[in-house]
Amino acid sequence: YRAMLDGLLHAWCWAHIRRKVLAAGEAVPALAAWSQEWIARIARLYALHAGRAAARAQSAAWQEADQALRRWVQDTAAVWQHELADSTLAEEARKVLATIRRQWEGLTLFLDHPEIPLDNNEALSAGI
């Protein structure tokens with residue numbers, strides 16, 4: 001089956017990342033603040049993505065929303081890279097960030113392919 005995957009792009013799901021962040025914060029009380037910061041960061045992603053989707057394609061508003069979304073991606077990459085470099089980071093958080101690092105390309109496919117949703121969970125997309 002791997003031969004069938006050649007040339008396909010794998011889009012990963014932000015709802016799954018959100019669940020992993022929540023689980024880490026619930027499992028380790030010391031990670032509660034870290035977890036809430038990541039939940040807020042992911043919520044901001046959904047808002048920025050919705051803002052770009054609401055704008056007419058290639059309009060000035062769309063360009064502005066696209067730039068904000070791309071800045072969010074750059075800033076968020078810097079955050080998880082910085083946090084993974086912290087040797088004092090709790091193992092549960094490290095596992096979540098390692099997943100983000102491993103899946104980053106697929107988690108950010110929506111930048112160049114606006115038709116790709118952030119997740120495969122319509123309820124979460126509408127309510128986050």
Pairwise distance [atom1]([X]) to [atom2]([Y]) - rounded to 0.5 angstrom:
X: Ser87; Y: Arg94; atom1: OG; atom2: CZ; value: 7.5 Å
X: Thr108; Y: Arg70; atom1: OG1; atom2: CZ; value: 9.5 Å
X: His49; Y: Leu69; atom1: NE2; atom2: CG; value: 6.5 Å
X: Trp38; Y: Arg18; atom1: CH2; atom2: CZ; value: 13.5 Å
X: Tyr46; Y: Leu118; atom1: OH; atom2: CG; value: 5.0 Å
X: Glu91; Y: Leu31; atom1: CD; atom2: CG; value: 10.5 Å

**Prompt:** With distance as the sole test, does Trp14 use its side chain to make a donor-acceptor pair with the main-chain N or O of Pro117 at under 3.5 Å?
**Reply:**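 The answer is no, because no donor-acceptor pair under 3.5 Å joins these two groups.
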
**Prompt:** Can you check whether Lys95's main-chain N or O pairs, donor with acceptor, with Thr99's side chain at less than 3.5 Å?
**Reply:**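 Yes: the side chain of Thr99 pairs with the backbone of Lys95.
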
Can you establish whether the number of heavy atoms outside [X] located under 6.0 Å from its atom [atom1] is more than 12?
X: Arg44; atom1: CZ; result: no
X: Glu64; atom1: CD; result: no
X: His82; atom1: NE2; result: no

**Message:** Does the structure place the NZ or CZ of Arg101 under 6.0 Å from the centre of the six-membered ring of Trp104, at an angle of no more than 45° from the ring's axis?
**Reply:**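 Not flagged: Arg101 not positioned over aromatic ring of Trp104.
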
Flag the pair [X] / [Y] as yes when at least one side-chain heavy-atom distance between them is below 4.5 Å, and no otherwise.
X: Asp119; Y: His16; value: no
X: Trp34; Y: Val96; value: yes
X: Val73; Y: Leu107; value: no

**Worked verdict on Asp75 versus Arg71 for salt bridge (Lys or Arg N to Asp or Glu O under 4.0 Å)** = CA-CA 6 Å; Asp75 293 348; Arg71 276 192 305 274; over 6 Å; no

**Request:** Evaluate side-chain contact (heavy atoms from CB on, under 4.5 Å) for Leu89 paired with Leu97, printing each intermediate quantity in order.
**Result:** CA-CA 10 Å; Leu89 186 66; Leu97 296 175; 3.5 Å; yes

**Request:** Say whether Trp62 and Gln67, considering side chains only, have a donor N or O and an acceptor N or O under 3.5 Å apart.
**Result:**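 No, because no side-chain N or O of Trp62 sits under 3.5 Å from a partner of the opposite role on Gln67.
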
**Asked** Do Glu105 and Trp12 have a side chain donor and acceptor closer than 3.5 Å?
**Response**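 The criterion, which ignores hydrogens and geometry beyond distance, is not satisfied for Trp12 and Glu105.
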
**Asked** Which pair of non-hydrogen atoms, one from Ile116 and one from Ala11, has the smallest distance, and what is that distance?
**Response**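 So the two residues come closest at CG2-CB, 3.9 Å.
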
**Asked** Closest heavy-atom contact between Ala61 and Ala55?
**Response**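 In terms of heavy atoms, the two residues are closest at C-CB, 3.9 Å.
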
**Item:** Stepwise side-chain contact (heavy atoms from CB on, under 4.5 Å) test for Phe110 and Glu115
**Value:** CA-CA 7 Å; Phe110 64 87; Glu115 69 280 5; over 6 Å; no

